[in-house]
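Below: one structure, written as structure tokens.
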Amino acid sequence: MRWNARLEGMRAYEPGKTIAEVKREYGLDRIVKLASNENPFGCPPAASRYLKEMDLETALYPDGYSTALRSALAEKLGVSARQLLFGSGSDEIIVILARALLSQDDNTVAPWPSFPQYRHNARIEGAELREIPLKDNRHDLDSMLRAIDENTSIVWLCSPNNPTGGIIPDDELRAFISRVPEHVLVVVDNAYHEYASAVDYRDPVDLIDDFPNVIVLRTFSKAYGLAALRVGYAVGAEAVISKLEPVRSPFNTTVAGQGAALAALGGDEFIRECREKNERGKEQYVNFARKHGLDCPRSEANFVLMEIRGTADHVAAELLKRGFIVRSGDKLGTPGYIRITVGTEEDNEALLGALAEVLAHSVPGA
Ligand SMILES: *Cc1c(COP(=O)(O)O)cnc(C)c1O
């Protein structure tokens, strides 16, 4: 077959192991999955009610334009309905952006370590990838700026950044964007927006009025607890969104996804409670790190990066045997660390108990 040569050596995304897989492999009854930054508290009550009561006409296609969700979300964000693009998760928005803007004639600038889908989709489109290492755990915006030239199509930013958890302060973000040439689309991947609480963090959607070359990616998969239903969206200038709309597939969000996301939009109180519980959960991890003399940088998201002793793959494998699924930093670009999703208080406590045990065994005399 005449495969696209760019697919040579590419591998499928490796998700964290599923609960069923781990139960089977290790003969365990109870598994705690803290690997994919899902919300341990579920979704807003109105969304679960919608899902329980929905009477789905399965033979009919969904509304391809997500009209009801679109107008409610536009109102909530204070933007026009034509400033929104919906995707099967924000993962699909990344695919759409890459298809629309990247080719073998382009380059794209991205931070690393960061969300691996920027690099993955750049490779599929054959664009030159210019990855700029984080500096002191933060986007190195000066180096990113220097990497931009007349053939740059997209600059990716991730704030809060997955897997390191830090944000880009609003003043730095504005100073950066004002120096990016207008032909470059600046993508702010904002999947953890609802969790960010740093004093120098601002809603990046506010940037769009001042900088029409900015697009912000959000999702219902993380704080809104609807990862199973695959709804993400982009907010941008109407001129940008109208170029992207023809690239998405016609029915890329489902009836259930649109309905649950719409119901979830009223869940401000739920989101506020989750943010508070998440803050307390992060304290459990930070206290553990302090007690054990480990690094655990401040995270503005619902996961933490925890330094370990020994190799991250080993520690993650040992935790797995004990029924805890986390992500090894060896696969995320953060060797020496594991990424742990902040769970319920009890699950955090249990995981930290297991981690203490693993660390005690993995380092002789520690
Ligand atoms: C989880 C995540 C996404 C993708 O989420 P979807 O479920 O596809 O909406 C995008 N970006 C970052 C940084 C993420 O962590």
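Side chains are part of it too, since the values below use all heavy atoms of this structure and drop only hydrogens, waters and symmetry mates.
The CG atom of D63 lies 10.0 Å from the CZ atom of F86; values are rounded to the nearest 0.5 Å. Atom NE2 of H183 and atom CG of N213 lie 10.0 Å apart (nearest 0.5 Å). Atom CG in L28 sits 10.0 Å away from atom CD in E25 (nearest 0.5 Å). Taking CD1 of I96 as the reference point, atom CD of E245 lies at 8.0 Å (rounded to 0.5 Å). L141 contributes atom CG, which lies 10.5 Å from atom CD1 of I132 (distance to the nearest 0.5 angstrom). For the atom pair CG (L355) and CZ (F324), the distance works out to 10.0 Å, reported to the nearest 0.5 Å.
Checked by atom type and distance alone, the side chain of S36 never pairs as donor or acceptor with a backbone atom of E38 at under 3.5 Å. The backbone N or O of C158 sits less than 3.5 Å from a side-chain atom of H139, completing a donor-acceptor pair. The closest donor-acceptor contact from the side chain of K222 to the backbone of H193 lies at 3.5 Å or more, if one exists at all. The main-chain N or O of R138 is never found under 3.5 Å from a side-chain atom of D136 such that the two would form a donor-acceptor pair. Between the side chain of Q83 and the backbone N or O of E238 there is no donor-acceptor pair closer than 3.5 Å. Under the 3.5 Å distance criterion, the side-chain polar atoms of R298 are left unmatched by any main-chain donor or acceptor of G166. Side-chain N or O atoms of R202 include none that pairs as donor or acceptor with a backbone N or O of D170 at under 3.5 Å. Without hydrogens or angle criteria, T344 side chain to D347 main chain gives a donor-acceptor distance under 3.5 Å. Although no hydrogens or angles enter the test, the distance criterion places no donor-acceptor pair under 3.5 Å between the side chain of K23 and the main chain of I31. For the pair R248 (side chain) and G87 (backbone), a donor-acceptor distance under 3.5 Å is absent.
Applying the 6.0 Å contact sphere to CD of E276 captures more than 12 heavy atoms from other residues, nucleotides or ligands. In this structure, K277 places its NZ atom where more than 12 heavy-atom neighbours from other residues, nucleotides or ligands lie under 6.0 Å away. By the neighbour-count criterion of 12 heavy atoms within 6.0 Å, atom CZ of R179 is sparsely surrounded, having that number or fewer from other residues, nucleotides or ligands. By the 6.0 Å contact criterion, CD on E182 is open, its count of non-hydrogen atoms from other residues, nucleotides or ligands being 12 or less. More than 12 heavy-atom neighbours from other residues, nucleotides or ligands sit within 6.0 angstrom of CZ on R174. Atom NZ of K76 is surrounded by more than 12 heavy atoms from other residues, nucleotides or ligands within 6.0 Å. Counting heavy atoms of neighbouring residues, nucleotides and ligands inside a 6.0 Å radius, atom CZ of R322 exceeds 12 of them. Within 6.0 Å of atom CD in E128, more than 12 heavy atoms from other residues, nucleotides or ligands are found, so the atom counts as buried in its surroundings.
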Audit row: I167, L173, side chain to side chain contact (heavy atoms under 4.5 Å, CB included) steps and yes/no: CA-CA 10 Å; I167 55 122; L173 192 52; over 6 Å; no

Residue pair L244, L97: steps toward the side chain to side chain contact (heavy atoms under 4.5 Å, CB included) verdict: CA-CA 7 Å; L244 296 170; L97 288 166; 3.7 Å; yes

Evaluation steps, salt bridge (charged side-chain N to carboxylate O under 4.0 Å, His left out), between D142 and K135: CA-CA 10 Å; D142 289 335; K135 199 165 121 190; 5.8 Å; no

Intermediate values then yes/no, side chain to side chain contact (heavy atoms under 4.5 Å, CB included), S197 and E300: CA-CA 6 Å; S197 66; E300 296 293 332; 3.6 Å; yes

Audit row: D149, N107, side chain to side chain contact (heavy atoms under 4.5 Å, CB included) steps and yes/no: CA-CA 8 Å; D149 61 23; N107 69 68; 2.9 Å; yes

Stepwise salt bridge (charged side-chain N to carboxylate O under 4.0 Å, His left out) test for E318 and K321: CA-CA 5 Å; E318 286 299 312; K321 286 188 201 161; 2.8 Å; yes

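When T164, I308, D330, D295 are each tested for a side chain to side chain contact (heavy atoms under 4.5 Å, CB included) with Y337, only one passes: D295. When each of N278, L34, V326, N162 is paired with F303, the side chain to side chain contact (heavy atoms under 4.5 Å, CB included) condition holds for N162 and for no other. The side chain to side chain contact (heavy atoms under 4.5 Å, CB included) with I154 is formed by just one residue from the set V187, N121, V186; it is V187.
Here the side chains of R218 and L77 are in contact, with some heavy-atom distance below 4.5 Å. In this structure the side chain of I168 never reaches within 4.5 angstrom of the side chain of N161, judged on heavy atoms. Between R309 and L294, the closest side-chain pair of non-hydrogen atoms falls below 4.5 Å. Side chains of Q258 and V231 form no contact here, defined as non-hydrogen atoms less than 4.5 Å apart.
L69 and L85 fall into different hydrophobic clusters, where Ile, Leu, Val, Met, Phe, Trp and Tyr residues are linked whenever their side-chain heavy atoms come under 4.5 Å apart, directly or through other members. Under the 4.5 Å side-chain contact rule for hydrophobic residues, V79 and I177 share a cluster. When the side chains of ILVMFWY residues are joined at heavy-atom separations under 4.5 Å, either directly or via intervening members, L73 and L207 end up in a single hydrophobic cluster. Side-chain heavy atoms closer than 4.5 Å link hydrophobic residues (I, L, V, M, F, W, Y) into clusters, and following such links, possibly through other members, connects Y50 to L226.
Of all non-hydrogen atoms in P113 and L134, the two that sit nearest each other are O-CD1, 3.6 Å. Considering every non-hydrogen atom in both R11 and H120, the closest pair reads O-CE1, 3.6 Å. Annotation for T253 and S88: closest pair CG2-N, 4.3 Å, computed over non-hydrogen atoms. Shown here for G281 and V342, the closest heavy-atom pair between the two residues is CA-CG1, 3.7 Å. For the pair T108 and A122, the tightest heavy-atom approach, listed with the atom from each and the gap, is CG2-CB, 3.6 Å. Taking both residues in full, the closest heavy atoms of A234 and I241 are given as O-CD1, 4.2 Å, listed atom of the first, atom of the second, then distance.
R290 and N287 share a side-chain donor-acceptor pair at under 3.5 Å. Defined by atom type and a distance below 3.5 Å, a donor-acceptor pair is present between the side-chain atoms of N252 and E92. Between the side chains of S328 and D313, at least one donor N or O lies within less than 3.5 Å of an accepting N or O.
A salt bridge does not link R30 to E346: none of the charged side-chain nitrogens sits closer than 4.0 Å to a carboxylate oxygen. Checked for salt-bridge contact, D140 and R146 miss the test: no charged N lies under 4.0 Å from a carboxylate O. A salt bridge is absent between R272 and E279: the closest approach of a Lys/Arg side-chain nitrogen to an acidic carboxylate oxygen does not fall below 4.0 angstrom. Electrostatic pairing of R280 and E283 does not count as a salt bridge here, judged by no charged N lying under 4.0 Å from a carboxylate O.
Taking the six-membered ring where tryptophan is involved, the planes of W156 and Y118 are essentially parallel, since the angle between them stays under 30° and well short of 60°. Using cut-offs of 30° and 60° on the angle between ring planes, the pair Y192 and Y195 is tilted.
Taking the six-membered ring for Trp and the full ring otherwise, F270 and Y224 have centroids separated by 6.0 Å or more.
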